[in-house]
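Throughout, residue positions are numbered sequentially from 1 according to the sequence presented.
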Amino acid sequence: IGGEASIYATSLRLHHIYGIPYIPASAVKGVVRSYIIGETFGNDEDKALQDESFRDIFGSTDQEGKVTFFDAFPTKTPTLKVDIMNPHYGHYYSDGKAPTDTNNPVPINFLTVENTPFKFVIGSKETLETVKIGNNKIIKWLEEALQNHGIGAKTAVGYGYFY
């Protein structure tokens, strides 16, 4: 999730002080916001911004949101595992050369976090029980977004889902 700069684009986001994997608050807020727009407003951001409940939670250019999303941290020692990407046609992507069966795959190792619970925290000046869009409280939207949408890169291949 938004790893540090790397020529391989496979780096892992580590907290700059603690040195452990974490999920930035901006990513948490972004995935919940995106999920709600997709599920409730048909992927129409303008329609979402017309909804008072949505603006109250996430804010707009004219008002500040009433809900604060915090960084998510592991609740136990993270389990790190090495995985690989195995691009078969690297020359096609980098040089534009036609892909052929003579190309050799070049495995790229990268670290993943596996079977590690994270603590997600949301705050509000009001009780969170009253912070809703539709029939769902904001906590329920967060849970659904993490389970159904996932967070971070490579969700299409199974990364970033919380169950």
Exercise for the section: Report whether Ile57 and Phe70 are members of the same hydrophobic cluster (ILVMFWY, side-chain heavy atoms less than 4.5 Å apart, transitive linking). Expected result: no

Handout entry: Step-by-step side chain to side chain contact (heavy atoms under 4.5 Å, CB included) determination, Thr112 to Leu80
Key = CA-CA 6 Å; Thr112 64; Leu80 299 179; over 6 Å; no

Problem - Nearest heavy atoms of Pro99 and Tyr89, plus distance in Å - result: CB-CD2, 3.4 Å

Problem - Pairwise distance CD1(Ile151) to CZ(Phe120) - rounded to 0.5 angstrom - result: 5.5 Å

Exercise for the section: Write out all pairs satisfying side-chain hydrogen bond (donor to acceptor under 3.5 Å, both in side chains) with one or both partners inside residues 56-70, taking only residues at least two apart or from two chains. Expected result: Asp56-Gln63

Practice task
Please work out which of the three classes, parallel, tilted or perpendicular, describes the rings of Tyr161 and Tyr163, given edges at 30° and 60°.
Solution key: parallel

Problem - Heavy-atom closest contact (Ala48 atom, Ile37 atom, distance) - result: CB-CG1, 3.9 Å

Fill in the blank from the handout: When every non-hydrogen atom of Asn115 is compared with those of Pro117, the smallest separation belongs to O-CD, 3.9 Å

Completion exercise
Closest heavy-atom pair, Gly152 versus Thr155, reported as atoms and distance to 0.1 Å, is O-CG2, 3.4 Å

Practice task
Might you work through the side chain to side chain contact (heavy atoms under 4.5 Å, CB included) test for Phe58 and Val67, ending with a clear yes or no?
Solution key: CA-CA 7 Å; Phe58 297 103; Val67 174; over 6 Å; no

Completion exercise
Output for pair (Phe54 CZ, Leu49 CG), nearest 0.5 Å, gives 5.5 Å

Exercise for the section: Would you confirm whether Thr79, through its side chain, and Thr116, through its main-chain N or O, come within 3.5 Å as a donor-acceptor pair? Expected result: no

Completion exercise
Contacts of Asp71 meeting side-chain hydrogen bond (donor to acceptor under 3.5 Å, both in side chains) (sequence neighbours excluded), chain-then-number -> none

Practice task
Answer with yes or no whether the hydrophobic clustering places Leu14 together with Val28; edges join I, L, V, M, F, W, Y residues whose side-chain heavy atoms lie under 4.5 Å apart.
Solution key: yes

Problem - Heavy-atom check, side chain of Val82 versus side chain of Leu111, under 4.5 Å - result: yes

Handout entry: Considering all heavy atoms, the nearest Pro107-Pro105 contact
Key = CD-O, 3.6 Å

Practice task
Starting at CG of Asn104, measure out to CG of Asp101 and round the result to the nearest 0.5 Å.
Solution key: 11.0 Å

Practice task
Can you measure from CD1 (Ile108) to CE (Met85) and round to the nearest 0.5 angstrom?
Solution key: 4.5 Å

Practice task
Please name the pair of heavy atoms, one in Gly38 and one in Asn43, separated by the smallest distance, quoted to 0.1 Å.
Solution key: CA-OD1, 3.0 Å

Exercise for the section: Give a yes or no on whether Val106 and Ile84 share a hydrophobic cluster (residues Ile, Leu, Val, Met, Phe, Trp, Tyr; joining criterion: side-chain heavy atoms under 4.5 Å apart). Expected result: no

Problem - Distance in Å, Asp51 CG paired with Asp46 CG, rounded so as to fall on 0.5 Å steps - result: 13.0 Å

Handout entry: Lys119 side chain near Val121 side chain, heavy-atom distance below 4.5 Å
Key = yes

Problem - Between CZ on residue Phe73 and OH on residue Tyr18, distance to nearest 0.5 Å - result: 6.0 Å

Problem - Side chains of Lys132 and Ser53 in contact at under 4.5 Å (non-hydrogen atoms) - result: no

If you look only at distance, which donor and acceptor atoms sit under 3.5 Å apart when one is on a side chain in residues 139-150 and the other is two or more places apart or in another chain?
unit_1: Trp141; atom_1: NE1; unit_2: Ile133; atom_2: O; d: 3.1
unit_1: Trp141; atom_1: NE1; unit_2: Asn136; atom_2: O; d: 3.3
unit_1: Glu144; atom_1: OE1; unit_2: Tyr35; atom_2: OH; d: 3.4
unit_1: Glu144; atom_1: OE2; unit_2: Asn136; atom_2: ND2; d: 3.3
unit_1: Asn148; atom_1: ND2; unit_2: Tyr35; atom_2: OH; d: 3.1
unit_1: Asn148; atom_1: ND2; unit_2: Glu144; atom_2: O; d: 3.3

Exercise for the section: List the steps and the verdict of side chain to side chain contact (heavy atoms under 4.5 Å, CB included) for Arg33 and Phe69. Expected result: CA-CA 11 Å; Arg33 185 179 188 278; Phe69 294 80; over 6 Å; no

